[in-house]
Novice: 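Here it is: the structure, laid out below.
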Amino acid sequence: QVQLVESGGGLVQAGGSLRLSCAASGRTIIFKTMGWFRQAPGKEREFVASITWNGGITYYADSVKGRFTISRDNAKSTVYLQMNSLKPEDTAVYSCVADVRRLGSSASVTYEYDSRGQGTQVTVSS
């Protein structure tokens, strides 16, 4: 089992930026597809972004495309989420996930994962 600890959340004004980090320990993440999910109050947890083990393939939710960038540093066992042009609707608890699997076709895609961190709060004020 891999342990995931997120950091970098906080309060930011609309239009601002934040960079989230996810430090992994325990089992190595070097060959794992990693990702980020988020959950807003009263809503279901939703996929945000994922990245393959070598960074070669990334996926993003439509709502964050062009604004968020996922990256990783396998030497540091760390995954990042750079969030720019933040909007109030981005307010949520952001969680790092490991062993992400993309299921279905382009018309209907779902994501599953094996491990999830406790999350970090991101609040965007208008």
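We number each residue from 1, following the sequence as shown.
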Novice: Sub-3.5 Å donor-acceptor pair from the side chain of Thr52 to the main-chain atoms of Ile57, do we have one?
Specialist: yes
Novice: Evaluate Gln1 against Ser115 for side chain to side chain contact (heavy atoms under 4.5 Å, CB included), listing each step before the verdict.
Specialist: CA-CA 7 Å; Gln1 192 84 0; Ser115 304; 3.4 Å; yes
Novice: Can you list every side-chain hydrogen bond (donor to acceptor under 3.5 Å, both in side chains) pair that touches residues 16-25, not counting sequence neighbours?
Specialist: Ser17-Asn84
Novice: My understanding is that only residues two or more places apart in sequence, or in another chain, count here; which of them pass side-chain hydrogen bond (donor to acceptor under 3.5 Å, both in side chains) with Gln121?
Specialist: Thr123
Novice: Keeping Arg72 on the side-chain end and Thr33 on the backbone end, is there a donor-acceptor pair under 3.5 Å?
Specialist: no
Novice: To the closest 0.5 Å, what do you measure between OG (Ser126) and NZ (Lys87)?
Specialist: 14.0 Å
Novice: Quick one: disulfide (SG to SG under 2.5 Å) pairs with a partner in residues 54-126, sequence neighbours left out?
Specialist: Cys22-Cys96
Novice: If you group Ile, Leu, Val, Met, Phe, Trp and Tyr whenever their side-chain heavy atoms sit less than 4.5 Å apart, what else falls in with Met34?
Specialist: Val2, Leu4, Val12, Leu18, Leu20, Ile29, Trp36, Val48, Ile51, Tyr60, Val64, Phe68, Ile70, Val79, Leu81, Met83, Leu86, Tyr94, Val122, Val124
Novice: Ring pair (Phe, Tyr, Trp, His ring centres under 6.0 Å): which pairs involve residues 103-122, sequence neighbours left out?
Specialist: Phe37-Tyr113, Phe47-Tyr111
Novice: Using every non-hydrogen atom in the two residues, find where Gly119 and Ser95 come nearest and quote the distance to one decimal.
Specialist: CA-OG, 3.7 Å
Novice: Would you list the pairs meeting salt bridge (charged side-chain N to carboxylate O under 4.0 Å, His left out) in which at least one residue belongs to residues 111-126, sequence neighbours left out?
Specialist: Arg101-Glu112, Arg101-Asp114
Novice: Which residues pass the side-chain hydrogen bond (donor to acceptor under 3.5 Å, both in side chains) test with Thr91, not counting sequence neighbours?
Specialist: none
Novice: Could you name each residue pair satisfying disulfide (SG to SG under 2.5 Å) that touches residues 30-76, not counting sequence neighbours?
Specialist: none
Novice: Under the ring pair (Phe, Tyr, Trp, His ring centres under 6.0 Å) rule, what pairs show up with a residue in residues 2-33, not counting sequence neighbours?
Specialist: Phe31-Trp53
Novice: Show me the pairs that pass salt bridge (charged side-chain N to carboxylate O under 4.0 Å, His left out) and involve residues 54-64, at least two apart or across chains.
Specialist: Asp62-Lys65
Novice: Please name all residues satisfying salt bridge (Lys or Arg N to Asp or Glu O under 4.0 Å) with Asp73, sequence neighbours left out, ordered by chain then number.
Specialist: none
Novice: Any salt bridge (charged side-chain N to carboxylate O under 4.0 Å, His left out) pairs touching residues 46-60, not counting sequence neighbours?
Specialist: Arg38-Glu46
